[in-house]
Amino acid sequence: MSADHIAAGPPPGARPDWTIDHDWSAYSQAEHDVWTTLYERQAGLLQGRACDAFLKGLDALDLHRGGIPDFSRINEELTRLTGWSVVAVPGLVPDEVFFEHLANRRFPAGRFIRKADQLDYLQEPDVFHDVFGHVPMLTDPTFADYMQAYGQGGMRALGRGQLHNLARLYWYTVEFGLLETPEGLRIYGAGIVSSLAESIFALDDPSPNRLGFDLERVMRTPYRIDDFQQVYFVIPSLKSLLKATLQDFAPIYERLSQAPDIAIDEMAPGDRVFTCGTQAYALAGGRLASA
Ligand code: HBI
Ligand code: FE
């Protein structure tokens, strides 16, 4: 999600760190019903598609009962497992606020939920995208460490003006990442697991490229914010993702500042190719064409 249209200061009623009270009792039954509809559509589909860490986290946090979960209830278990907590925010927050929360093991989740007539697509992350999509992976100790390392890296990148490289890393891992397993490719990216159609497209469709994850290569690859991805990157393990972020980024940023972007549908020398995609979906005009 493009965070460039965010206001300078926190909106009225929000604290200086942009957090707001979750105020779980203020959700309407209609809002809880949207959560239950989305949850029931996704949870069944994800068996055999989402990675074990995600499915284990979904179970551990018991997100299915009773509509939109109360963050204070989730946080009891989440904090016990990895020291993370979910905090409510009004929507997208400025990059430096976002990274500061991640660096302190706080995941900012939009409090609002999408309307019943916009189940399949929304611009800003709502509570379903954030809590169903992102939070289960935060119960995995390795991924929990990765997300905190990402937040710390984000704050350094901001200082160097290299945020766009880091946003690509976030996009192609935290939002749209795939994991290689002996049973085949599995999803760990929140943007995919929270989308019915993309949970199918990302694994089954012949259209997108599926390439082995390489940190610098990913940082040179633009992404789509308005439609299914044209390329997905595959990590061999969550440990390998964490390891990739624990190196010194300075030499990488030096090389990146001289390296041109790699076109979103291109293969690059050295790519490990799981799928050489047809790009048929994008060439046919993507979501708008198939609407
Ligand atoms: N704010 N609430 C919220 N959620 C996000 O995922 C988010 C954000 N602000 C900035 C942002 N993401 C992006 O800059 C990241 O991709 C780096
Ligand atoms: Fe997200």
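All figures in this text were calculated on a predicted structure; none of them were measured in a lab.
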Any donor-acceptor N/O pair, Asp130 side chain to Gly110 backbone, under 3.5 Å: yes
Polar side chain donor-acceptor pair, Glu175 to His134, under 3.5 angstrom: yes
Ion pair check, Glu31 and Lys115, cut-off under 4.0 Å: no
Geometric cation-pi criterion Arg111 and Tyr27, 6.0 Å radius, 45° cone: yes
For the student: nearest non-hydrogen atoms of Ser194 and Gly133, plus distance: CB-CA, 4.3 Å
Arg287 bridged to Asp120 by N-O distance under 4.0 Å: no
Expected output: side-chain Thr79 to main-chain Glu76 donor-acceptor under 3.5 Å: no
Proximity of Phe98 and Tyr170 rings by center, below 6.0 Å: yes
N/O donor-acceptor pair under 3.5 Å between Trp18 side chain and Pro90 backbone: no
Salt bridge (charged side-chain N to carboxylate O under 4.0 Å, His left out) assessment of Glu254 paired with Arg160: CA-CA 11 Å; Glu254 279 313 307; Arg160 299 176 53 108; 3.5 Å; yes
Heavy-atom donor-acceptor pair, Asn209 side chain to Leu211 backbone, under 3.5 Å: no
Smallest separation among heavy atoms of Tyr188 and Leu241, with atom names: OH-CD2, 3.8 Å
Tyr172 and Gln229, any side-chain heavy atoms less than 4.5 Å apart: yes
Donor + acceptor pair across side chains of Gln148, Asp145 (<3.5 Å): no
Exam field: side chain Gln42 to backbone Val193, donor-acceptor pair closer than 3.5 Å: yes
Backbone N/O of Gly277 and side chain of Thr275: donor-acceptor pair under 3.5 Å: no
Within-4.5 Å side-chain heavy-atom neighbours: Leu138 and Met147: yes
Ring centers of Phe249, Tyr253 separated by less than 6.0 Å: yes
Shortest non-hydrogen separation from Glu77 to Ala60 and the atoms involved: CG-O, 3.6 Å
Arg49 side-chain N/O to Ser199 backbone N/O, donor-acceptor pair under 3.5 Å: yes
Salt bridge Lys56-Asp140, side-chain N to carboxylate O under 4.0 Å: no
For Val127 against Trp35, the heavy-atom pair lying closest together: O-CZ3, 3.6 Å
From Ile262 atom CD1 to Glu216 atom CD, the distance as rounded to the nearest 0.5 Å: 10.0 Å
Distance, nearest 0.5 Å, that separates CG of Leu38 from OG of Ser195: 10.5 Å
Working for side-chain hydrogen bond (donor to acceptor under 3.5 Å, both in side chains), residues Thr173 and Tyr150: CA-CA 11 Å; Thr173 58; Tyr150 181 86; over 6 Å; no
Arg15/Asp21 under salt bridge (charged side-chain N to carboxylate O under 4.0 Å, His left out): CA gap, chis, key distance, verdict: CA-CA 9 Å; Arg15 289 177 276 271; Asp21 293 340; 3.0 Å; yes
Gln258 side chain near Leu256 side chain, heavy-atom distance below 4.5 Å: no
Side-chain H-bond candidate by donor/acceptor type, Arg41 with Thr37, under 3.5 Å: no
Sidechain-backbone polar pair: His22 side chain, Phe71 backbone, donor-acceptor under 3.5 Å: yes
Rounded distance (nearest 0.5 Å) linking atom CZ of Phe176 with atom CZ of Phe233: 13.0 Å
Residue pair Leu238 / Tyr146, side-chain heavy-atom distance below 4.5 Å: no
Working for side chain to side chain contact (heavy atoms under 4.5 Å, CB included), residues Phe54 and Arg186: CA-CA 10 Å; Phe54 178 86; Arg186 292 291 182 267; over 6 Å; no
Flag, side chain of Trp24 to backbone of Ile68, donor-acceptor distance under 3.5 Å: yes
side-chain hydrogen bond (donor to acceptor under 3.5 Å, both in side chains) partners of residues 230-241, not counting sequence neighbours, each pair once: Thr142-Lys239, Glu198-Tyr232, Arg224-Gln230, Gln230-Gln279, Ser237-Ser240
Side chain to side chain, Leu61 and Phe132, heavy atoms closer than 4.5 Å: no
Test: Arg106 and Glu100 ion pair at under 4.0 Å: yes
Pairwise side-chain contact, Thr245 with Gln152, heavy-atom cut-off 4.5 Å (strictly under): no
Presence of salt bridge, Arg168 and Asp261, under 4.0 angstrom: yes
Nearest heavy atoms of Leu58 and Pro136, plus distance in Å: N-CB, 3.7 Å
Within one Ile-Leu-Val-Met-Phe-Trp-Tyr cluster: Met155 and Val89, side-chain cutoff 4.5 Å: yes
Within-4.5 Å side-chain heavy-atom neighbours: Leu63 and Val131: yes
Spacing of CH2 belonging to Trp84 relative to CD1 belonging to Ile74, to within rounding of 0.5 Å: 14.0 Å
Glu124 (side chain) donor-acceptor with Leu92 (main chain) under 3.5 angstrom: yes
Side chain to side chain contact (heavy atoms under 4.5 Å, CB included) between Val97 and Asp95, worked out: CA-CA 5 Å; Val97 171; Asp95 292 332; over 6 Å; no
Side chain to side chain donor-acceptor pair (under 3.5 Å) partners for Asp205, two or more places apart: none
Other residues, nucleotides, ligands: >12 heavy atoms within 6.0 Å of Asp52 CG: no
Gap separating the CG atom of Asp17 from the NE2 atom of His101, nearest 0.5 angstrom: 4.0 Å
Stepwise ring-ring contact (aromatic ring centres under 6.0 Å, His included) test for Phe228 and Tyr281: CA-CA 9 Å; Phe228 296 163; Tyr281 173 81; 5.0 Å; yes
Side chains of Leu158 and Phe99 in contact at under 4.5 Å (non-hydrogen atoms): yes
Interatomic distance, Thr139 atom OG1 to Leu78 atom CG [nearest 0.5 angstrom]: 7.5 Å
Single hit among Arg217, Arg210, Arg220 for salt bridge (Lys or Arg N to Asp or Glu O under 4.0 Å) with Asp271: Arg217
Side chain to side chain contact (heavy atoms under 4.5 Å, CB included) assessment of Asp265 paired with Val231: CA-CA 7 Å; Asp265 56 357; Val231 56; over 6 Å; no
Closest non-hydrogen atom pair between Gly13 and Ile20, with its separation: O-CG2, 4.0 Å
Test: Asp126 and Arg114 ion pair at under 4.0 Å: yes
